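Just so we're clear, the structure is a prediction, and the values are computed from it rather than from any experiment.
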Amino acid sequence: MSVKRGIGDSEYLKKRIPQNPKYQHVKTRLDTGSSLTKYMERLEEARKNYRYRKDELFKRLKVTTFAQLLIQVASVSDQNDNFKDEMAGLEGRVSFLFYVTLFVFIKMDLDKNGQKSIQNSPVSTSNITECPYPDCPYLLLDVRDREQYDHCHIISAYSYPIATLSRTMNPYTKEVLDYKNASGKIIILYDEDERIASQAATTMCERGFENLFMLSGGLKVVAQKFPEGMTTGSIPISCLPSPSGPGGRKRSVPQQTSQPAEKKWRFTSEDLSKIQHYQEEVFIPSEPSSESSISNLMKPT
């Protein structure tokens, strides 16, 4: 005689633990390296600030990477100014250090497939009379209108309105020609939200510019990640993040006193300190520092 034995009640498998609305906002802090929540958050941030396209001809440079490049270049330049007499016989080493700094940070943003790397040669001397730093490895171009440039721009940036590219004669300034495909140098374009800069970058790449980058997110991301230290003048209201009030409601941005941008080519020590401060806030403490990342990248594989 067979005996039927039941193993529990199948209805228990259909039961679900009731959710408490009080703890719905609590998220796990466990990072397994493949967190779907964090991945979706990064995608959402990209949708808000960036306009990624599969058919882009130009390369992108992250604002945080550009900030680190600024710090390194300014640091080397300050050392060169303070010890100009002693460094007279070490110009080759200084140029090589400029190249190493540039190569490391560009390497972080280049795609591994189909991207050209900068040739291993020292930075050549530029004939530009008015530039951020001697032998500056980057040329920063603001492609907005001159009026917007005079209102606010990134320190060390030149005004290069996109309308300049439409000229039949002399569409490029002397600075642009000096940096075009120059060994160990790059050209960086930016605007407020990539709408203009992406058009200018595409046009210039179609005309043979191979060392051209676009600053991802433009002034909008700069205002979010580096509200002080990187720009001069009053940041446009359209680039400022909307403050949230109680219950997540957006509040109106308070009116700020409009200050015209200064003719400022170099970052002061105070500017660099602010940039470094915000740079440290961006990176997660558990991640390795930038210096260790640089040394890892420079190790032979």
So how far is it from [X] [atom1] to [Y] [atom2], rounded to the nearest 0.5 Å?
| X | Y | atom1 | atom2 | result |
| --- | --- | --- | --- | --- |
| L272 | I275 | CG | CD1 | 5.5 Å |
| I188 | L139 | CD1 | CG | 8.5 Å |
| L189 | M214 | CG | CE | 8.5 Å |
| L140 | I187 | CG | CD1 | 11.0 Å |
| W265 | T232 | CH2 | OG1 | 11.5 Å |
| Y179 | L141 | OH | CG | 10.0 Å |

Apply side chain to side chain donor-acceptor pair (under 3.5 Å) to residues Y172 and T164 and explain how you reach the verdict.
CA-CA 7 Å; Y172 307 120; T164 309; over 6 Å; no
Spell out, as yes or no, whether a donor-acceptor pair under 3.5 Å connects the side chain of [X] to the backbone of [Y].
| X | Y | answer |
| --- | --- | --- |
| T202 | S198 | yes |
| D191 | I196 | yes |
| Q68 | T64 | no |
| H153 | Y149 | yes |
| K62 | A67 | no |
| E210 | N181 | no |

So, for Y190 and F66, is the gap between ring centers shorter than 6.0 Å?
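No, too far apart.
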Please report the shortest heavy-atom distance between S234 and C152, naming the atom on each side.
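Closest heavy-atom pair between S234 and C152: O-CB, 3.0 Å.
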Which pair of non-hydrogen atoms, one from P236 and one from L219, has the smallest distance, and what is that distance?
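Taking every non-hydrogen atom into account, CD-CD1, 4.5 Å.
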Going by distance alone, is a donor N or O of one side chain under 3.5 Å from an acceptor N or O of the other, for S156 and Y133?
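No, no side-chain donor-acceptor contact under 3.5 Å.
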Side chains of H151 and E147: any donor to acceptor distance under 3.5 Å?
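H151 and E147 do not have a side-chain donor-acceptor pair below 3.5 Å.
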For N170, all residues meeting side chain to side chain contact (heavy atoms under 4.5 Å, CB included), sequence neighbours excluded:
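Partners of N170 by the side chain to side chain contact (heavy atoms under 4.5 Å, CB included) criterion come out as none, since no residue qualifies.
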Please lay out, stage by stage, how K220 and E192 fare under the test salt bridge (charged side-chain N to carboxylate O under 4.0 Å, His left out).
CA-CA 6 Å; K220 186 173 183 180; E192 288 188 5; over 6 Å; no
Test L70 against Y138 for side-chain contact (heavy atoms from CB on, under 4.5 Å), laying out the working first.
CA-CA 9 Å; L70 293 178; Y138 69 88; 3.1 Å; yes
Tell me whether Y158 shares a hydrophobic cluster with F58, the cluster being built from Ile, Leu, Val, Met, Phe, Trp, Tyr side chains joined at under 4.5 Å.
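Yes.
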Under the criterion side chain to side chain contact (heavy atoms under 4.5 Å, CB included), which of I162, L165, L57 is the partner of T203?
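That would be L165.
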What residue among Q224, K225, E228 forms side chain to side chain contact (heavy atoms under 4.5 Å, CB included) with Y278?
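Result for side chain to side chain contact (heavy atoms under 4.5 Å, CB included) with Y278: E228.
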If you apply the rule salt bridge (charged side-chain N to carboxylate O under 4.0 Å, His left out), what do you find for D178 with K185, and how did you get there?
CA-CA 10 Å; D178 286 340; K185 294 184 178 180; over 6 Å; no
Who passes salt bridge (Lys or Arg N to Asp or Glu O under 4.0 Å) against D150, sequence neighbours left out?
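Counting only residues at least two positions away or on another chain, D150 forms a salt bridge (Lys or Arg N to Asp or Glu O under 4.0 Å) with R146.
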CA sep, side-chain torsions, deciding dist, call: E175, K180, salt bridge (charged side-chain N to carboxylate O under 4.0 Å, His left out):
CA-CA 9 Å; E175 293 82 6; K180 179 182 180 181; over 6 Å; no
